[in-house]
Peer 1: 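Take this structure first; my questions come after.
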Amino acid sequence: MSEPQLTVGTPLPVIAHVSRIVTKVVDRLTGSRVDYPLLVAMACVEALKGFGVRSQVMYGQVAWLEVLEDHSLIWAGCWGDHFSFWVATESGEVVDLNVSVACQKRAHASPSVTSLYSPPILWSREVPGFYRYLPEGVAELDLTEQQDKKKYELVLAEVLEKCAQQQLQGKSADSLDFPNEPIICPGRRILDDSKNSFRLFERAIAIRGIPNAPF
């Protein structure tokens with residue numbers, strides 16, 4: 001009997017490149033990607049194809065912890081009558097390139113409160129306890145508005161141009177260029193941004209503890 005094959009995750013250079021290109025392109029073409037989780041997820045799937053990584057867009061209930069102005073914690077996200085989108089890679093990684101900027105948008109459950117910090121970008125099979133993802137199925141792109149179609153075409157064209165194997169030729173581990181946002185990568189690797197946002201987020205959780213999740 002042959003030995004079982006180990007599933008290898010997305011290479012770190014690909015994670016760095018795709019997360020930087022997709023977030024930068026969507027932010028520039030939309031003003032802010034915070035309201036475009038499906039567009040971001042679709043762009044990520046297409047970007048990964050350029051590096052031979054298969055993935056798909058998932059939809060379902062999503063929740064994450066946010067730190068409020070008084071440093072208390074609140075669960076934000078989409079559950080109940082709401083849902084959101086993320087990416088699942090062929091190696092079982094959960095990829096959410098939008099969660100790091102989620103605090104820019106008011107939570108459905110508490111629209112009157114202002115958040116300071118969201119969790120990092122997530123790209124990992126191991127999902128920390130300050131995230132919740134409950135998949136309900138694979139999402140399909142169905143754009144009916146002409147404006148949305150135009151945005152998708154512009155994003156897709158630029159992402160496909162900038163995400164291909166040759167873009168990483170000659171790149172060493174020391175020259176990886178991530179977006180300037182906190183990110184959790186495979187192997188529990190955590191990279192913070194220039195404002196130490198994750199350190200401040202993590203400190204609040206250490207003091208307050210994780211409250212009960214909404215689902």
Side-chain angles (χ1 to χ4, degrees), residues 4-11 14-15 17-23 25-27 29-30 33-64 75-102 105 107-108 118-160 162-165 179 183-186 213-215:
Q5 297 295 312
L6 295 177
T7 303
V8 179
T10 307
V14 174
I15 293 175
H17 190 81
V18 168
S19 61
R20 179 173 57 83
I21 294 299
V22 170
T23 56
V25 169
V26 179
D27 278 341
L29 293 177
T30 65
R33 69 185 189 274
V34 69
D35 287 318
Y36 296 90
L38 178 56
L39 179 59
V40 170
M42 294 296 298
C44 184
V45 167
E46 295 302 320
L48 286 170
K49 288 180 182 178
F51 300 101
V53 178
R54 291 177 298 175
S55 61
Q56 55 190 2
V57 179
M58 308 300 297
Y59 75 91
Q61 299 185 66
V62 182
W64 57 83
W75 282 101
C78 302
W79 60 84
D81 294 331
H82 305 280
F83 61 87
S84 191
F85 305 93
W86 66 95
V87 173
T89 69
E90 60 185 326
S91 55
E93 296 157 321
V94 175
V95 180
D96 188 342
L97 303 183
N98 261 35
V99 66
S100 58
V101 295
K105 186 175 182 178
H108 290 301
S118 309
I121 286 173
L122 179 64
W123 197 310
S124 176
R125 284 193 293 264
E126 299 176 84
V127 179
F130 41 80
Y131 306 93
R132 292 289 190 277
Y133 293 89
L134 184 61
E136 297 179 18
V138 178
E140 295 183 3
L141 185 64
D142 184 19
L143 300 178
T144 57
E145 297 294 331
Q146 191 61 36
Q147 187 177 9
D148 291 336
K149 291 180 180 179
K150 185 64 175 178
K151 282 192 179 77
Y152 177 69
E153 290 169 359
L154 290 172
V155 168
L156 183 61
E158 189 168 346
V159 164
L160 292 178
K162 295 180 176 179
C163 291
Q165 289 288 358
I183 183 169
I184 296 179
C185 298
F215 60 86

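Just so it is clear, the values below take in all heavy atoms, side chains as well, and ignore hydrogens, waters and symmetry mates.
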Peer 1: Show me the pairs that pass salt bridge (charged side-chain N to carboxylate O under 4.0 Å, His left out) and involve residues 80-89, at least two apart or across chains.
Peer 2: none
Peer 1: Rounded to the nearest 0.5 Å, what's the gap from CE on Met58 to CD on Glu136? Could you check?
Peer 2: 10.0 Å
Peer 1: Given side chains that start at C-beta, do those of Tyr133 and Ser84 come closer than 4.5 Å, heavy atoms only?
Peer 2: no
Peer 1: Considering non-hydrogen atoms only, spot the tightest contact between Pro120 and Phe130 and give its length.
Peer 2: CD-CE1, 4.1 Å
Peer 1: Please tell me whether Glu126 and Ser124 have a donor and an acceptor in their side chains that are separated by less than 3.5 angstrom.
Peer 2: no
Peer 1: Which atom names give the shortest non-hydrogen contact between Val159 and Val22, and what distance separates them?
Peer 2: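 Heavy-atom minimum between the residues: CG2-CG2, 4.5 Å.
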Peer 1: My understanding is that only residues two or more places apart in sequence, or in another chain, count here; which of them pass side chain to side chain contact (heavy atoms under 4.5 Å, CB included) with Ala157?
Peer 2: none
Peer 1: Hey, does Tyr131 have a side-chain heavy atom less than 4.5 Å from the side chain of Val94?
Peer 2: no
Peer 1: Please round to the nearest 0.5 Å and tell me the distance separating atom CG of Asn98 and atom CG of Leu39.
Peer 2: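 So the CG of Asn98 and the CG of Leu39 are separated by 9.0 Å.
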Peer 1: For side chain to side chain contact (heavy atoms under 4.5 Å, CB included), just list the numbers for Glu93 and Cys185, CA-CA rounded to whole Å, side-chain angles, deciding distance to a tenth of an Å, and then say yes or no.
Peer 2: CA-CA 10 Å; Glu93 296 157 321; Cys185 298; over 6 Å; no
Peer 1: As an exercise, state the distance from CG of Leu29 to NZ of Lys150, rounded to the nearest 0.5 Å.
Peer 2: 10.5 Å
Peer 1: Provide the closest heavy-atom pair for Thr23 versus Arg20 in the form atom of the first, atom of the second, distance.
Peer 2: OG1-O, 3.2 Å
Peer 1: Can you find a heavy atom in the side chain of Arg125 that is under 4.5 Å from one in the side chain of Pro186?
Peer 2: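 Answer no - side chains too far apart.
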Peer 1: If I compare all heavy atoms of Thr10 with all of Val53, which pair ends up nearest, and what's the gap?
Peer 2: OG1-CG1, 4.1 Å
Peer 1: Is there a side-chain contact between Trp86 and Cys44 (heavy atoms, below 4.5 Å)?
Peer 2: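 Answer no - side chains too far apart.
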Peer 1: Can you find a heavy atom in the side chain of Arg132 that is under 4.5 Å from one in the side chain of Trp64?
Peer 2: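 The answer is no; the side chains never approach within 4.5 Å.
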Peer 1: Check whether any side-chain heavy atom of Asp35 sits under 4.5 Å from a side-chain heavy atom of Thr30, and report yes or no.
Peer 2: no
Peer 1: If you look at every heavy atom in Ala63 and Trp75, which pair is closest and at what distance?
Peer 2: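 Answer, listing the atom of Ala63 first, then Trp75: CB-CE3, 3.7 Å.
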Peer 1: Look up atom CD1 in Ile21 and atom CG in Leu97, then write down how far apart they are to the nearest 0.5 Å.
Peer 2: 12.0 Å
Peer 1: Taking atom CZ of Phe83 as the centre, report whether more than 12 heavy atoms of other residues, nucleotides or ligands fall under 6.0 Å from it.
Peer 2: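 Counting neighbours around CZ of Phe83, 12 or fewer heavy atoms of other residues, nucleotides or ligands fall under 6.0 Å, so no.
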Peer 1: Between Glu90 (side chain only) and Arg54 (backbone N and O only), is there a donor and an acceptor less than 3.5 Å apart?
Peer 2: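 Yes.
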Peer 1: Is any side-chain heavy atom of Val95 closer than 4.5 Å to one of Ser55?
Peer 2: no
Peer 1: Hey, could you give me the CD1/OG distance between Ile121 and Ser19, rounded to the nearest 0.5 Å?
Peer 2: 5.5 Å
Peer 1: For atom CD of Glu140, decide whether the heavy atoms of other residues, nucleotides or ligands shown that lie under 6.0 angstrom number more than 12.
Peer 2: no
Peer 1: Do Asp96 and Pro119 come close enough that some side-chain heavy atom pair is under 4.5 Å?
Peer 2: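 Asp96 vs Pro119: side chains apart.
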Peer 1: Once you round to the nearest 0.5 Å, how far does CG of Leu38 lie from OH of Tyr59?
Peer 2: 12.5 Å
Peer 1: Would you check if the side chain of His17 reaches a backbone N or O of Lys162 as a donor-acceptor pair within less than 3.5 Å?
Peer 2: yes
Peer 1: Mind telling me whether Phe215 and Trp79 have parallel, tilted or perpendicular rings, with 30° and 60° as the class edges?
Peer 2: tilted
Peer 1: Locate the shortest heavy-atom distance separating Val87 from Ala41; write the atom from each residue and the value.
Peer 2: CG2-O, 3.5 Å
